[in-house]
Every structure is written in C-alpha cells, then in structure tokens.
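First up is the structure itself, then whatever we jot down about it.
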Amino acid sequence: MRARDLTLETLRLEQHGRVLTAFYANPPLNFVTTVLARDLDLLSRAVDRDTTVGAVVLASDVEGRFMTHADATELGDLMTGSPLPEVPVPVVLAFWTVINRLLGLPGAAALAQRLGPIGIGLLYGHRWQKTILRMNRSAVVYIAAISGPTLGGGQELALACDLRYAADDPRVV
C-alpha cells in the first residue's frame, strides 16, 4: 500500500510527484492529540516503505496556526481519576524504559488502550517518541511548513523535521 492511500483520522494526504503533504486540522488552536500521534506513527512507517515518496511536508489546514502543544483537556481527562504517587526520578526512568520495550511488542498497543486512561497516556508518549526518532532516521526528507504559531508538541514535531519553512502567508503550502 502506498502512503498516500492511507486512511487517517487526523491527516489529509496529497501527493504530487515524490512529495507527500500531510495536512492537519484540529481547530481552532490545532492542538496535538493522541490520535495525531497514532496517525503520524502510521504515516511515518508507511512512508519508510513507500519508494514513491522522497519528501513529506507536514502542514496545517487551520489558517494562521501550525500545531500547538498537546491538548491539555485530552491529557487531563486521561490523568484525572487515576491518582499518581510521588516516585523518585530514577524509578520513573527505569519504569519508562521497561514500558517502552513492552509497548514495542506485537499486540501491546491494543492492550494498553484496554487498560484505560493510563495505558492510553503511556501509549501516546511511546508513539510520539518512536515517531520522532523514526522521522530523524528516515531516508525520506521531512519538512515542516510552519504557517503560524507552534508550541510544545508542535515545536517538537517541527524540530524533528529535516527542514523548517516558516511564513505567515496562506500560500506557503
């Protein structure tokens, strides 16, 4: 399957020649969501296997915005109702290392989602980290078409790209 033929919930794909453009829209502020993390994971995997793609342009379908930070409401909903104990940093780092390895196993993503909010939150962090690293290591060139403010997760995504082009003109993309 070609990357351009993916059906993604949060990204609209257009391919011209060897350039695949992925447009993201989550109005009004274009917050990064767990569903975007999943879609970027799927897209970056597909792009690495698709010889018809030489570059991926990440762009916004929301006028005057690129991508802002993670959706605080969504993340808050994931974390409320699940009390988190105070844990020393070395323990958290060891836990995260183990969780990252486990989430890489076949079927682990589906299991994590069934665990509820904490599982979804851990899966979100895992996918985000793996996607950013995959983009960094890819033979495909990633370009951020920054058409407005970008913060937090959007900034991380832009910095993960090989090139960043910024302008406040709607004709950028």
Side-chain angles (χ1 to χ4, degrees), residues 1-50 52-80 96 100 103 109 112-113 117 120-173:
M1 172 187 257
R2 302 231 186 256
R4 70 174 171 249
D5 297 329
L6 287 172
T7 302
L8 302 170
E9 197 173 327
T10 62
L11 297 172
R12 180 174 60 84
L13 304 175
E14 290 181 9
Q15 187 167 355
H16 300 283
R18 297 195 65 220
V19 177
L20 179 68
T21 304
F23 295 93
Y24 178 62
N26 184 13
L29 299 175
N30 236 24
F31 285 127
V32 171
T33 64
T34 58
V35 180
L36 173 64
R38 182 204 60 212
D39 285 354
L40 283 171
D41 178 46
L42 294 170
L43 177 64
S44 63
R45 287 174 192 271
V47 161
D48 279 351
R49 294 186 306 264
D50 187 346
T52 69
V53 177
V56 174
V57 177
L58 300 176
S60 173
D61 253 351
V62 175
E63 188 173 332
R65 294 255 174 222
F66 180 60
M67 292 178 205
T68 52
H69 199 13
D71 186 342
T73 302
E74 180 186 32
L75 292 179
D77 289 346
L78 289 175
M79 296 305 165
T80 57
W96 185 243
N100 262 328
L103 287 172
Q113 289 178 319
I120 293 169
L122 291 171
L123 182 58
Y124 171 65
H126 172 77
R127 278 184 173 147
W128 191 257
Q129 179 186 32
K130 294 299 179 192
T131 300
I132 297 295
L133 290 172
R134 188 178 307 109
M135 290 170 58
N136 290 152
R137 296 173 180 154
S138 180
V140 172
V141 175
Y142 282 85
I143 302 166
I146 304 169
S147 56
T150 181
L151 303 165
Q155 182 75 7
E156 289 174 21
L157 191 59
L159 291 172
C161 291
D162 300 293
L163 299 167
R164 288 157 292 286
Y165 183 80
D168 59 359
D169 189 318
R171 296 171 292 172
V172 167
V173 178

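Values below: all heavy atoms of this structure, side chains included; hydrogens, waters and symmetry mates excluded. Remember, predicted model here, so these are calculated numbers, not experimental data.
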Practice problem: To the nearest 0.5 Å, tell me how far Arg65 CZ sits from Asn30 CG. | Solution: 8.0 Å

Self-check item: Side chain to side chain, Leu42 and Leu8, heavy atoms closer than 4.5 Å
Solution: yes

Quiz item: What heavy-atom pair brings Ala59 and Thr21 nearest, and what distance separates the two atoms?
Solution: CB-CG2, 4.3 Å

Quiz item: Could you go step by step and tell me if Leu103 and Leu123 meet the side chain to side chain contact (heavy atoms under 4.5 Å, CB included) rule?
Solution: CA-CA 7 Å; Leu103 287 172; Leu123 182 58; 4.3 Å; yes

Practice problem: Side-chain contact test, heavy atoms from C-beta onward, threshold under 4.5 Å: evaluate it for Val57 versus Val19 and give yes or no. | Solution: yes

Exercise. Mind listing the closest non-hydrogen atom pair of His16 and Glu14 along with its distance?
Key: NE2-OE1, 3.6 Å

Exercise. Might you point out which heavy atoms bring Thr150 and Phe66 nearest each other, and give the distance in Å?
Key: OG1-CD2, 3.4 Å

Self-check item: Least distance between heavy atoms, Leu13 atom then Ala22 atom
Solution: CD2-CB, 3.6 Å

Exercise. For the pair Asp50 (side chain) and Ala3 (backbone), establish whether a donor and an acceptor sit closer than 3.5 Å, ignoring hydrogens and angles.
Key: yes

Exercise. Could you walk me through whether Leu40 and Leu58 pass the side chain to side chain contact (heavy atoms under 4.5 Å, CB included) test, one step at a time?
Key: CA-CA 10 Å; Leu40 283 171; Leu58 300 176; 4.2 Å; yes

Self-check item: From Thr52 atom OG1 to Arg18 atom CZ, the distance as rounded to the nearest 0.5 Å
Solution: 7.5 Å

Quiz item: Within the distance-only criterion (no hydrogens, no angle test), does the side chain of Thr68 pair as donor or acceptor with the backbone N or O of Leu151 below 3.5 angstrom?
Solution: no

Practice problem: Nearest 0.5 Å please: distance from the CZ atom of Arg12 over to the CG atom of Asp61. | Solution: 4.0 Å

Only pairs under 3.5 Å count here: list side-chain donor-acceptor contacts from residues 133-146, not counting sequence neighbours, and write none if there are none.
residue, atom, partner, partner atom, Å
Arg134, NH1, Asp41, OD1, 3.0
Arg134, NH1, Ser44, OG, 2.6
Arg134, NH2, Asp41, OD1, 3.1
Asn136, ND2, Ala160, O, 3.0
Ser138, OG, Asp48, OD1, 2.6
Ser138, OG, Val140, N, 3.0

Self-check item: Partners meeting salt bridge (Lys or Arg N to Asp or Glu O under 4.0 Å) with Arg164 (sequence neighbours left out)
Solution: none

Quiz item: Atom OG1 of Thr131 and atom CD of Glu156: how far apart are they, to the nearest 0.5 Å?
Solution: 11.5 Å

Quiz item: How far does CG of Leu20 sit from CG of Leu6, to the nearest 0.5 angstrom?
Solution: 8.5 Å

Quiz item: In Å, rounded to the nearest 0.5 Å, how long is the span from OG of Ser60 to OH of Tyr24?
Solution: 9.0 Å

Exercise. Measure the shortest side-chain to side-chain distance between Leu11 and Leu36 over non-hydrogen atoms and say whether it is less than 4.5 angstrom.
Key: yes

